[in-house]
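To find a chain, count down the sequence lines: A is the first, B the second, and so on, and within it residues start at 1.
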Amino acid sequence: MPEGHSIHRIARQISDVFTGERVQVSSPQGRYTEGAALLDGHTITGAYAHGKHLFVTFENDLTLNVHLGIYGNWSFGGDETFTGASSIGAPRKIGEKEYAAGEEQPYAGPPEPKSTVRCRIVSEHGWADLVGPTICRTLTPEEVRTVRSKLGPDPLNPDADPEQFYRAARKSSRPIGVILMDQAAISGVGNIFRAESLYRQEIDPLRPGKSLSDEELERLWEDNKHLLVIGVRVGRIITTEPEDRPGVPETEAWPDHANYVYMHHGEPCRRCGTTIRMEEIAGRKLYWCPGCQV
DNA sequence: GAACCATGATTAC
DNA sequence: TAATCCTGGTTCG
């Protein structure tokens, strides 16, 4: 269940362990067999993220494009060369959550894949398994451009143009809480970041986009960028400021202390005491504090 | 073992 | 707005 920070971490991981490696690409599950065959035996040249989309580039100019949806995840494992190059270390899973595997053992090749593995990438030194994606396909450069052209700016990308987000918001009468979830307006923000950034900036999620001031839109962009950067560094979504979780360090801020409003409906706001609300808007649960957010 | 739920998104009505 | 797809963990009976 990944928002943009997870995809950037996965892109970094894949780039770390596979760039320059000739790989076998397969689909144990069988639902990506044709696309995998176009990449099988070729060398990976890099990986990057745009919002929640992952792109893995190959030397034959084709690109693996993956979107994890709500459930997708990647698992990785390999020898010491592999884990030494890795951002995340020994065999691990990233997507929804990540965890260290058990005891270290000598690497003896990839494990038998689970029956649900849509795509498996294997190099001389390690492997990556993809399970449960909504999108897993092989694209030409032209097709990559088409996909990316439909995505709004990603605050984690250095060349992102926030003006695109501001323009999308200013012309819209939809609630800002809905606009933040629209990947064509701003990409990489999901249900937790939207709720938490709106709380932190004290903006009512139901206000129409066009009612926000330039200054408010800029604060939202900057805060989502700030929170995404923390997410990339920590590997989890931590949105509380240290003074709002006294004595609990960033790395140990488990659900009770990690967020202000997400999944805290019915509880008193930790800043103003008002009961946190939750309502389903446009098919997703929206959490906010009616006291702080106006 | 069924039912339900989730950090997502598209499609159809 | 509802139905649908993707998977797996948790909760329910």
Close approaches to DNA chain B from residues 281-289 of chain A, in residue order (heavy atom, under 4.0 Å): A/Arg284, A/Lys285
Write down the distance between [atom1] ([X]) and [atom2] ([N]), rounded to a whole number of angstrom.
{"X": "A/Tyr262", "N": "B/dT7", "atom1": "OH", "atom2": "P", "value": "4 Å"}
{"X": "A/Asp129", "N": "C/dT7", "atom1": "CG", "atom2": "C1'", "value": "14 Å"}
{"X": "A/Arg9", "N": "B/dT7", "atom1": "CZ", "atom2": "P", "value": "20 Å"}
{"X": "A/Ile94", "N": "C/dG8", "atom1": "CD1", "atom2": "P", "value": "16 Å"}
{"X": "A/Leu151", "N": "B/dT10", "atom1": "CG", "atom2": "P", "value": "9 Å"}

Side-chain N or O of A/Gln183 closer than 4.0 Å to phosphate OP1/OP2 of B/dA9: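 Indeed, a polar side-chain atom of A/Gln183 lies that close.
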Presence of A/Lys52 side-chain N/O under 4.0 Å of B/dT7 phosphate oxygens OP1/OP2: no
Aromatic ring pairing A/Phe82/A/Phe76, orientation class (parallel under 30°, perpendicular over 60°, tilted between): tilted
Aromatic plane relationship, A/Tyr260 with A/Tyr199 - under 30° parallel, 30 to 60° tilted, over 60° perpendicular: parallel
Pairs involving residues 193-206 of chain A, ordered by first then second residue, that meet salt bridge (Lys or Arg N to Asp or Glu O under 4.0 Å) (sequence neighbours left out): A/Arg200-A/Asp223, A/Arg200-A/Glu241
Pairwise C1' distance for C/dT1 and B/dT7, with rounding to whole Å: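 Looking at atom C1' only, C/dT1 and B/dT7 are 22 Å apart.
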P-based separation of C/dG9 from B/dA9 [nearest Å]: 22 Å
The side chain of [X] is closest to which nucleotide in this list: [options]?
{"X": "A/Ile192", "options": "B/dT7, B/dA9, C/dC5", "result": "B/dT7"}
{"X": "A/His5", "options": "C/dG8, C/dC5, B/dT7", "result": "B/dT7"}
{"X": "A/Glu3", "options": "C/dC5, B/dG8, C/dG9", "result": "B/dG8"}

Heavy-atom side-chain contact between A/Ile203 and A/Ile176 under 4.5 Å: yes
Please list, for nucleotides 11-13 of chain B, all pairs of protein and nucleotide N/O atoms separated by less than 3.5 Å.
none

Minimum heavy-atom distance between A/Cys289 and A/Thr274, given as atom pair plus value: SG-CB, 4.0 Å
